Number of protein chains: 2
Amino acid sequence: MLKLKTAAVEKISHQDYFNIAVSVDCVIFSYQNKSLKVLLIKSDLEDFQGLYSLLGDLVGPEEDLEDAPYRVLYERTGLQDVYLEQVHTFGNINRHPSGRVITTAYFSLVNCKSSKLQISDNDVSWHNIADIRRLAFDHKIILDTCLQQLQERVMEHPIVFNLLPEKFSLRELQDLYEAILGLGLDRRNFRKRIIAKDWLVDLNEMEEDVPHRPGKLYKLRSGLRKSGRLSIQVEQKLAV
Amino acid sequence: MLKLKTAAVEKISHQDYFNIAVSVDCVIFSYQNKSLKVLLIKSDLEDFQGLYSLLGDLVGPEEDLEDAPYRVLYERTGLQDVYLEQVHTFGNINRHPSGRVITTAYFSLVNCKSSKLQISDNDVSWHNIADIRRLAFDHKIILDTCLQQLQERVMEHPIVFNLLPEKFSLRELQDLYEAILGLGLDRRNFRKRIIAKDWLVDLNEMEEDVPHRPGKLYKLRSGLRKSGRLSIQVEQKLAV
DNA sequence: GCAAAAGTGTTAATCTTACACCCATGC
DNA sequence: GCATGGGTGTAAGATTAACACTTTTGC
């Protein structure tokens, strides 16, 4: 029979490999003025002077991978109960000029009108998705990948409500869907389709201060809002 | 103006973080006797004595992340033009007893009748998906996640043909879909649906050596077979 | 009363599902 | 000739897409 290695022995023999940094990068989406936005920071690396990059950080040695994007979000925006989804891990050798860094990309949906949102760093700001041409590192590819995943998810999963205030009209919701999907939708069909999903509760309240006939207000059915720690990770913990 | 850091300076200041190992784990699917199989290896760690684990390896310091699963596949099976898809990255602190290892999971589809397939290690063997209860590490969760992603992909993308020989009958194809999806399909509807996708070419050949009326043979339309380096990575390289 | 957006229903087309009989081959 | 699976079509139901008019409010 083969001699079994202890974990300790294996660790020593593989020491050379503990030589790669792991980071997370967050594509933090918000929605304002009928446009989908993403939070970016001015790159502080000479190599990318003048370019913006996604918000990210190295994963701490004592930190679960999935905790890192929540920490980044909290440190940068003050927000804690955010929606996060892991998208893809990028690991080309030369993707980072500082050394070997493999990064796991997450997208996040935040309400930019939340009272808890506070961005103190002057180099951090919201940018229209449609206006972004280049980013530092491989962050444009990461952004595009995350946007595509967002587009694939929104019709099947009630996640876009994380971008809206508690109460919203169907028109606001439709504008948001159009901004995310980048296309126009038929109003009547959209309303039927959304109502049929049974995600919404009619609040029997009306919009106020609109210069036209006010629309009804809705909210997301309670129990459907997904935010906080990722579900896949919860399963993982339970299984261990 | 803020003083910009050079990449070299940043690397030194972050040296503590280059302390996490990165691995890849491959869920290598194949199909035999009307069952979906996965390639597993007997764990050589004391902590998991008697359990099987997925095939994986640490990512080399000079190796693109996406190259690692191809290398693992090649080293373990001799196969080079395989279909691979990245699924998810798992990074709980304690997921690996040897130390801090973050792993990116891939699934792969291989034809177990390929002449190039050779598995020399006696501890490596095929296992029926349906029979697997426990695996070493968090590999059962990784397997389940990959199987779910495979199930979500198969109806929209022509990938399952990587599990079949060059020529196959519609019955063989349907059996394969049923094994992957874990459910029965109506034969007439399945045939209409597959034919409508325009993925197949009728070879005007018949099955041989079957103890019943032989079925027509088909092959995948050329140009639709996806294997080799991952497309997302190719885009990434072009953009750099 | 006019501008602006809210609200609402029907029809046609498409897609999906369920279902049963005759046919070709090996034995 | 019989057992086995191959091959095929239709009708009902569900879903999706296209499309226009009336209503309510602020000004």
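So that the names make sense, note that chain A is the first sequence line, chain B the second, and so on, each numbered from 1. The model shown is predicted, which means the values in this text are computed figures rather than measured ones.
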Problem set entry | Residues within residues 163-184 of chain B bordering DNA chain C, heavy-atom distance below 4.0 Å |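 Here the set is empty: none.
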
Seminar exercise, completed: In 5'-to-3' order, the base (B), backbone-only (S) or no-contact (-) status of each nucleotide in nucleotides 14-21 of chain C, using a 4.0 angstrom heavy-atom cut-off, is ---BBBB-

Salt bridge (charged side-chain N to carboxylate O under 4.0 Å, His left out) involving [X] - partner list, sequence neighbours excluded:
X      : value
B/D81  : none
A/R191 : none
A/K34  : A/D175
B/E75  : B/R71

For this session: Ignoring backbone atoms, test whether A/R191 places a side-chain nitrogen or oxygen under 4.0 Å from the OP1 or OP2 oxygen of C/dT8.
Result: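 Checking C/dT8 against A/R191, no side-chain N or O comes under 4.0 Å of OP1 or OP2.
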
Seminar exercise, completed: 5'-most to 3'-most nt of DNA chain D touching chain A (<4.0 Å, heavy-atom partner on protein side) reads D/dA17 to D/dG26

Exercise. Heavy-atom distance under 4.5 Å between the side chains of A/L39 and A/T77, does that happen here?
Worked result: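 Of all side-chain heavy-atom pairs linking A/T77 with A/L39, at least one is under 4.5 Å.
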
Using the 3.5 Å cut-off, write out each protein N or O paired with an N or O of nucleotides 23-27 of chain C and the distance between them.
| residue | atom | partner | partner atom | Å |
| --- | --- | --- | --- | --- |
| C/dC23 | O2 | B/R213 | NH1 | 3.1 |
| C/dA24 | O4' | B/R213 | NE | 3.4 |

Problem set entry | Of all pairs that satisfy salt bridge (Lys or Arg N to Asp or Glu O under 4.0 Å), the ones with a partner from residues 149-159 of chain A, not counting sequence neighbours | A/E85-A/R153

Exercise. How would you list all residue pairs meeting salt bridge (Lys or Arg N to Asp or Glu O under 4.0 Å) that involve residues 113-122 of chain B, not counting sequence neighbours?
Worked result: B/R76-B/D121

For this session: Quick one: sort the A/F161 and A/W199 rings into parallel, tilted or perpendicular, breaks at 30° and 60°.
Result: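 Answer is perpendicular, since the angle exceeds 60°.
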
For this session: Kindly determine whether A/E66 and A/L84 satisfy side chain to side chain contact (heavy atoms under 4.5 Å, CB included), including the steps that lead there.
Result: CA-CA 9 Å; A/E66 305 281 347; A/L84 266 170; over 6 Å; no

Exercise. Looking at residues at least two apart in the chain, or sitting in another chain, which of them share a side-chain hydrogen bond (donor to acceptor under 3.5 Å, both in side chains) with B/T103?
Worked result: B/S23, B/D25

Exercise. Can you name the residues that form a ring pair (Phe, Tyr, Trp, His ring centres under 6.0 Å) with B/F137, not counting sequence neighbours?
Worked result: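 In terms of ring pair (Phe, Tyr, Trp, His ring centres under 6.0 Å), with neighbours along the sequence ignored, B/F137 is linked to B/F48, B/H96, B/H139.
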
Problem set entry | Nearest atoms (heavy-atom pairs only) where B/Q86 meets B/Y106 | NE2-OH, 3.3 Å

